Amino acid sequence: MAESDLVLYSVDKRVALITVNDPDRRNAVTHEISDLLRAAVQRAETDPDVHAVVVTGAGKAFCAGADLSALGAGIGGEAESGLLRLYDGFMAVGNCVLPTIAAVNGPAVGAGLNLALAADVRIAGPDAMFDARFQKLGIHPGGGATWMLHRAVGPQVARAALLFGMRFDAESAVRHGVALGVADDPVAAALELATGPAAAPREVVLATKATMRATASPGLLDNKQHDLAMRLELGPQAKSVQSPEFAARLAAARGKIRSE
């Protein structure tokens, strides 16, 4: 698959559809995919005919997390720079000036959960699964996951997810506030929801999101809070992915892949 095919981009009726397109690898985030995600978001932001963005994954998974090889690459400052590059795609979604919807068609795990949480709204498909899984992998949460989960579900449920491994299927995701609703075709439902901003003047859409971002916690824009959380998590996550325990998990995962 050519690199340019790893993230698909299309526009219809003033809504950009961005699709992570590596179904054979369950849309695991690589540095290349992260770069392409950011480019796609920027393309939508600079197009005056785009009023909203929908993000989804090809195949049966929304996004199965970060590619483990990319996650474990580098030492010291190189580890941190590698992590920042992996974060870059979903941070672009989180910083997007346009309304964003994640159409979560299947598992959203680790960095995939971050990608879903970075959107303003999430629509779950029947097979959606929201799973932080950082602790199970033996690594510290990253990419602002601690802040995004607090924002979405409140402190108790966020701690249940990050400290106790709580996962959310489609129905429990709605019950706890991870997702807005469940739809048999989450992409179609997301596109339908996006007809609201698509029909409004773009300058009103942009201004409304900017104002909501500013009033979420007066004194600090919500995307700046996300960035601050990401920076606070960066050092501990970089340290954890360089640990012998994670190296052993990575070797085991690579062996499993080779045997499949």
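Since the model is a prediction, treat every value here as computed from it, not as a measurement.
Each of V11, L17, I18, V15 was compared with V53 under the side chain to side chain contact (heavy atoms under 4.5 Å, CB included) criterion, and only I18 meets it. Paired with T146 under the rule side-chain hydrogen bond (donor to acceptor under 3.5 Å, both in side chains), one option of E233, R159, R151 passes, and it is E233. Only one option out of V41, D227, L86, L84 pairs with M91 in a side chain to side chain contact (heavy atoms under 4.5 Å, CB included); it is D227.
To the nearest 0.5 Å, atoms CG (L137) and OG (S240) are separated by 9.5 Å. The CG atom of D169 sits 10.5 Å away from the CG atom of D127 when rounded to the nearest 0.5 Å. Here the CD1-OG1 distance, from I101 to T56, works out to 11.5 Å after rounding to the nearest 0.5 Å. Note that CD of Q156 is 9.0 Å distant from CE of M166, once rounded to the nearest 0.5 Å. Here the CD atom belonging to Q225 is positioned 12.0 Å from the NE2 atom belonging to H150, to the nearest 0.5 angstrom. Considering CG of L180 and CG of L193, their distance stands at 6.5 Å, rounded to 0.5 Å.
Side-chain heavy atoms closer than 4.5 Å link hydrophobic residues (I, L, V, M, F, W, Y) into clusters, and following such links, possibly through other members, connects M148 to V104.
Between R43 and Y9, some side-chain heavy-atom pair lies under the 4.5 Å cut-off. Between F90 and L117 there is no side-chain heavy-atom pair separated by less than 4.5 Å. Looking only at side-chain heavy atoms (C-beta outward), V109 and L113 stay at 4.5 Å or farther from each other. With a 4.5 Å cut-off on side-chain heavy atoms, F134 and L162 count as touching. Put simply, the side chain of L6 does not reach to within 4.5 Å of the side chain of N21, judged on heavy atoms. In this structure, P141 and Q237 have side chains that are not in contact, with every pair of non-hydrogen atoms separated by 4.5 Å or more. Looking at V7 and T19, their side chains never come closer than 4.5 Å, going by heavy atoms from C-beta outward.
Of the N and O atoms on the side chains of D67 and T30, not one donor lies less than 3.5 Å from an acceptor on the other residue.
Looking at every heavy atom in both residues, P107 comes nearest to K60 through CD-O, 3.5 Å.
Distance alone, capped at 3.5 Å, places no donor-acceptor pair between the R167 side chain and the F130 backbone. A distance-only check finds a donor-acceptor pair linking the side chain of T100 to the backbone of D120 [under 3.5 Å]. Between the side chain of N105 and the main chain of P186, no donor-acceptor pair closer than 3.5 Å is present. E45 places a side-chain N or O within 3.5 Å of a backbone atom of V97 that can act as its donor or acceptor partner.
Here S34 pairs with nothing under the side chain to side chain donor-acceptor pair (under 3.5 Å) rule; sequence neighbours left out. The side chain to side chain donor-acceptor pair (under 3.5 Å) search around N95 returns N223, not counting sequence neighbours. For H140, there are no ring pair (Phe, Tyr, Trp, His ring centres under 6.0 Å) partners at least two apart in sequence or on another chain.
Under a 4.0 Å N-O distance rule, the pair K136/D131 does not qualify as a salt bridge. One finds a salt bridge joining R213 and D222 here, because a Lys/Arg side-chain nitrogen approaches an Asp/Glu carboxylate oxygen to under 4.0 Å. Ion pairing between R85 and D35 holds under the 4.0 Å rule for side-chain N and carboxylate O.
By the 6.0 Å contact criterion, CD on E171 is open, its count of non-hydrogen atoms from other residues, nucleotides or ligands being 12 or less. Within a 6.0 Å radius of NZ in K209, other residues, nucleotides and ligands contribute more than 12 heavy atoms.
Aromatic ring orientation, H176 versus F168: perpendicular (interplanar angle above 60°, classes split at 30° and 60°).
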